[in-house]
Structures are given as structure tokens and as C-alpha cells.
Amino acid sequence: MALFAEIPSEGDARRYDIKSPVTLESIGQFQSATADEVRAAVERGRKAQRQWATRSFDERAQVLWSIVDGMVERQDEIVDLVVKETGKALNEAISMEVLAPCMQISHYAKHGKNYLATKTRRPSGVMRFAKKVTLHYQPLGVVGLITPWNGPVALAANPLAQALMAGNAVVHKPSEVTPFSAVLLQEICEKAGLPKDLYQVVQGDGETGAALLDAGVDKISFTGSVATGRKVGEACGRNLIPCTLELGGKDAMIVCADADLERAADGAVRGSFFNTGHYCCGTERVYVPESIYEPFVDKVVEMAKPLTQAASGASDVGAVFWDKQMDIIEDHMKDAREKGAQVLVGGERNRSLSGYYFPPTVVTDVDHTMDLMRRETFGPIVAIQKVRNEDEALELANDSDYGLSGNVWTQDLEKGARIGAKMVTGSVSVNDIAVTYGVAEAPFGGVKESGVGQVNGEVGIRGYCHVHPVIVDTTKKAQGGYPYTEESAEGLRKMVRTVFGNKVLRRLFV
Ligand code: NAD
């Protein structure tokens, strides 16, 4: 049964019905915005943005703090809605969809002003004697925000807070599978005093997303799959607008022979099962040296077996959020089994529950001929491959089209950092699951097919700005120069020789 299905409607508008993966019952319907409606939203956003850009950082921050107040007040409502839409475990709904956004919005309310403060300095080199440069962080205008279904509030609230703090308006196209939590976020923003039209939600599927790309926005902040990311990048290239593309991953975990086994096994379980495995930086591949392979696998099995899965309350592993993802998980498991993988825990869809549930699963005897080790599975699966040593683990970790994040486990922290630095990924964690997105000071983004550009912190919020340098000449006379003569040319040649031909002077002048 499809959780997201088109239903008959009057006129040209496309209407959709959404079912909860928990109960398979309808939780609501929505109508797709047309291309004209999307364009009109961008125009309204542009008008509202002109006013917003004149507000001081303190005034903008005050609205962000009020949004945090609204999220705290309505946290139960947010959690209930997200659990209905996605079926994620209750604790994960609270930590990922309320706690994390509160942390993110608060971060930009407190630090945004500092990240974006106008800065004046003397330039380097000979220019320092004649110029002063001032960098102004100007808002871009209207940002198009396109988000996926695995973190419906978190993945919207974080870029939204950055874009607003930088003085922009936002038009948001949420995932067609989780449309309602964006409406709730918009309501919270409005009640918090965010001026009308600064944050607008346009509902719809890929067609509406594509319309937003061509609706005259000044930047696209996209989070989603590699395939869609490519289309988004192409459209942004055509429209000559910047974009950040936060795409899929296939994160590797390297367990060193000296790792604390208890801690590493716990990391494998958390890293693979968190958010039902629907986590862009979820651990999808685990490489373990043969010297510790058996005790490590035993520990993972021991930790995975008692985990609970239930349709309500505080169970450990939630539903599969979308039937489309269930198909991918089942295909990858089938392919792995046919190629010799051993399933030690779980492995088959959990049909004891009426919704879409795949149990926490542990698989061994996997290798790189299997989709489970090469393509994004996005399911609650710990897939463990035995390797000779840490060198082979690193080589296999880097043998991937993806490069989002990764993690290394060892008691030798310097070695962990050394191995981590050799992983071809956007970021790495040592002795923890991927935490980069939660650390605002750490620029987050993928390499290879996992993305383009980085988000969060200083780098991220400045990405919602045009850095506008104003260069003032501080001398009091005309620069002159004309007419060019042989003497003036010789003067320039002499300057090149004197300054840059002298090993000491050239260092002083740059
Ligand atoms: P998706 O690419 O199918 O959809 C993402 C969004 O793009 C949705 O809102 C969708 O409606 C919209 N869209 C679809 N076609 C479009 C088009 N032609 N033009 C514009 N917009 C279009 O991805 P998904 O299945 O919703 O999300 C899961 C993917 O997101 C996974 O690959 C996951 O790894 C990735 N993800 C990445 C990060 C990250 O930060 N790197 C975070 C979360 C999820």
C-alpha cells in the first residue's frame, strides 16, 4: 500500500492523501502548489524580505528566541505529529525534531550577530598603505528550501534559522511524505512574531520542487537524494544561483584492533539503528579486523537482540517512514542473502505490526559485490565485514561513490585522528557515531556524490549572504598615472624587482 497517493480532485490541482507508516491509516490530505502559486510565494517573500533586511541582528535574534519558546511550548504536538507522519521512535522524535532544532535555532540567535558582523581591516601587501576594506554580509533575498522526509522539522528549522538570521525570506517545499510538520513549524514561526510571508510553505512533490528552482529564488538549500540533487544542481547552474546540496551517504565505521569493544559495539548499534537507519550519516558499513571480529560480532548481536519495536510508546526502533524505502531495504537484503551474507538478527520485515516495520538487523559475511555495501540502504541494519587489518578497513571504507561522514573506533586517539584524516569523507568522528550535523562549529557537507558545499556554523550562515566588500582609499590625492611613459613602465619594473626579487621584502609586503 502506498503511503503517499494521488487522489481525485476538481480542476487542475493535484491532491494527495498521506497515510501513517504506523497505522497505514490516512492522516490528512494536501494540494500541490502550482508553478504560478510557487512564483507568487517567492514574490511575496521578496516584498517581506526588504523590510526584514532592515531589522537589526538583535531584532532578528529576538524572533528566533521566540520561535524556540514556541517549540518548547508545543513540543508534544510536534512529537505527536512527527511520529504520525514518520513512525520514528518517540525518543528520537524528541531528540531529533525538538531538542536539536531548539539547539540549532538558539545557536544562530546567540552567535549569528557575531558570524555576520561587519568587519573592517587594512588589506595585506602594498595595499595596506592606501586602502581599508569593510566586509558587509548582505542577505541574498529569497531562499528556496527543499527538504526530505527523514528529519522533517530538524532539516527545515536549521537552514531556516540561518537564512532568517542572515536577513532572507524562505520559501520551503517539504517532502511530500511529511507535509504537515512544516505547516506546524510555520505556525510556530508566525506566533513567534515572524513577519508574514518571511517563511512560506509550498506543498507538493518533485514537480513543485522543480517549480521552486525556476521561481526566481536567489539560492537553493537542498537536502535529499543524489539523483534529485543532480537535477537541482543542473537547474541552479542554468539559473546562475548558488546552492548547497546535502545528499546521500554510505558511511563506514572502522573498528581498530585496540578499540574498546563494548563502546564500539554500542556505536555500531546506535549508528546503524538511529532514526530507523534513515539517517544520512547513519553507519551503513562496519569493517572489523579478524583479531577482534568474533567478540565484536557477539557483542553487537547481544545488544541488538533485546531492542524493541512497537507501534506506540517508548520502543527502540521505529517504523520505516516510507513504503518506497521498505522496497529498497528488502531488495538490498535479498541481494546480500543471495550472495552469501549471514543474517544473525532480524532480516525480514516485521509483520507482527500492522504498519511498515523492519526489525533491527545484524548481517555478517558481507562484501563489496553486494548492494548492501555499495548503495544507500537507509534501513536499520548493522552490516559487518571482516578485514585483515586497519589498512584494509581504510581502503574499503574509501571504496565508495559516497563520502558523507564516517567513524573510527580506537583507544589510541592520535591513531583515530590519523585514520580519520585519511577517510575521503566530508567529516569524521572518533569514538562516536557521526555527530557533525549537531556540532554547529563543524562545517557539514559531503564529498564525492554526497554533496556540494558545506552548511552550518560560520561557513553555513555566511552562505546565506553575499559578502560585499567596500574598499575605501585612505590617501588624499589622485592616483594619477596617465600618460603612460617609458619611465613609468621602468618604475613598475623596478618595483617588481625591488619588492618581489627580494626574499625578505616580498614576505613583508604580502
Ligand atoms: P528525494 O531526493 O527524493 O527528495 C528530497 C526533496 O526533493 C523532496 O522534498 C522532493 O519532493 C524534492 N524533489 C524531488 N524531485 C525534485 C526535483 N526534480 N526538483 C526539485 N525538488 C525535487 O530524497 P528523499 O527520499 O526525500 O530523502 C532521502 C535522501 O536524503 C537520502 O538519500 C538521504 O541520505 C538524504 N539526506 C541527506 C542529508 C544530508 O544532510 N546530507 C540529510 C538527510 C537526508
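First listed ligand is number 1; within each ligand, the first listed atom is number 1.
Between Trp322 and ligand 1, a contact under 3.5 Å exists for no N or O pair. Considering backbone and side-chain N/O atoms, Phe378 never comes within less than 3.5 Å of an N/O atom of ligand 1. On a distance-only criterion, Gly224 and ligand 1 share at least one N/O pair closer than 3.5 Å. Every N/O-N/O distance between Asn150 and ligand 1 stays at or above 3.5 Å. Between Glu376 and ligand 1, at least one pair of N/O atoms sits closer than 3.5 Å.
Judged by distance alone, with hydrogens and angles left aside, the side-chain atoms of Tyr279 form a donor-acceptor pair with the main-chain N or O of Ala434 at under 3.5 Å. Using a distance-only test at 3.5 Å, with no hydrogens or angles considered, no donor-acceptor pair links the side chain of Asp316 to the main chain of Gln309. Distance alone, capped at 3.5 Å, places no donor-acceptor pair between the Arg285 side chain and the Leu372 backbone.
At least one side-chain heavy atom of Glu392 sits less than 4.5 Å from a side-chain heavy atom of Leu396.
Glu43 has no carboxylate O lying under 4.0 Å from a charged side-chain N of Lys47, or vice versa, which leaves the two without a salt bridge. The existence of a salt bridge linking Lys334 and Glu338 is confirmed by a sub-4.0 Å separation between a basic side-chain nitrogen and an acidic carboxylate oxygen. Between Glu85 and Lys88 there is no salt bridge, since no side-chain N of the basic residue sits under 4.0 Å from a carboxylate O of the acidic one.
Interatomic distance, Leu3 CG to Met326 CE, rounded to the nearest 0.5 Å: 9.5 Å. Rounded to the nearest 0.5 Å, atoms CD (Glu190) and CD (Gln200) are 9.5 Å apart. To the nearest 0.5 Å, atoms OG (Ser400) and CD (Glu284) are separated by 9.5 Å.
Remark: among candidates Ser175, Ser225, Pro174, Ala210, the nearest residue to atom 2 (O) of ligand 1 is Ser225, based on non-hydrogen atoms. Counting only non-hydrogen atoms, the option in Glu176, Lys231, Glu207 that gets closest to atom 18 (N) of ligand 1 is Lys231. Across the listed options Gly209, Ala211, Cys280, Cys280 owns the non-hydrogen atom lying nearest to atom 42 (C) of ligand 1.
The contact set between ligand 1 and Thr147, taken as ligand atoms under 4.0 Å from a residue heavy atom, comprises 6 (C), 8 (C), 9 (O). Taking every heavy atom of Trp149 and a limit of under 4.0 angstrom, the matching atoms of ligand 1 come to 24 (P), 25 (O), 26 (O), 27 (O). Close approach to Lys173 involves these atoms of ligand 1, each under 4.0 Å from a residue heavy atom: 8 (C), 9 (O), 10 (C), 11 (O). Close approach of ligand 1 to Phe444 (heavy-atom distance below 4.0 Å) involves ligand atoms 40 (O).
When non-hydrogen atoms are compared, ligand 1 lies under 4.0 Å from the backbone of Thr223 as well as from its side chain. In Leu155, the part holding a heavy atom less than 4.0 Å from any atom of ligand 1 is the side chain. The side chain of Leu404, and not its backbone, has at least one atom closer than 4.0 Å to an atom of ligand 1 (non-hydrogen atoms only; side chain from C-beta on).
Of the protein's non-hydrogen atoms, the one nearest atom 27 (O) of ligand 1 is Pro148 CB, 3.1 Å. The protein non-hydrogen atom at the shortest distance from atom 37 (C) of ligand 1 is Leu247 O, 3.2 Å. Ranking protein heavy atoms by distance to atom 17 (C) of ligand 1, first place goes to Gly206 O, 3.6 Å. The closest protein non-hydrogen atom to atom 12 (C) of ligand 1 is Ile146 CG2, 3.7 Å. In terms of protein heavy-atom proximity, atom 16 (C) of ligand 1 is closest to Thr228 CG2, 3.3 Å.
Heavy atoms only, all atoms of each residue included: Leu307 and Pro360 are closest at CB-CG, 4.1 Å.
Among Asp335, Asp401, Asp399, the single residue meeting the salt bridge (Lys or Arg N to Asp or Glu O under 4.0 Å) criterion with Arg374 is Asp399.
For Lys19 and Phe4, the positive end is not near the middle of the six-membered ring at less than 6.0 Å and at most 45° from its axis.
Residue-ligand proximity: Tyr279 is placed with every non-hydrogen atom at 4.0 Å or more from ligand 1.
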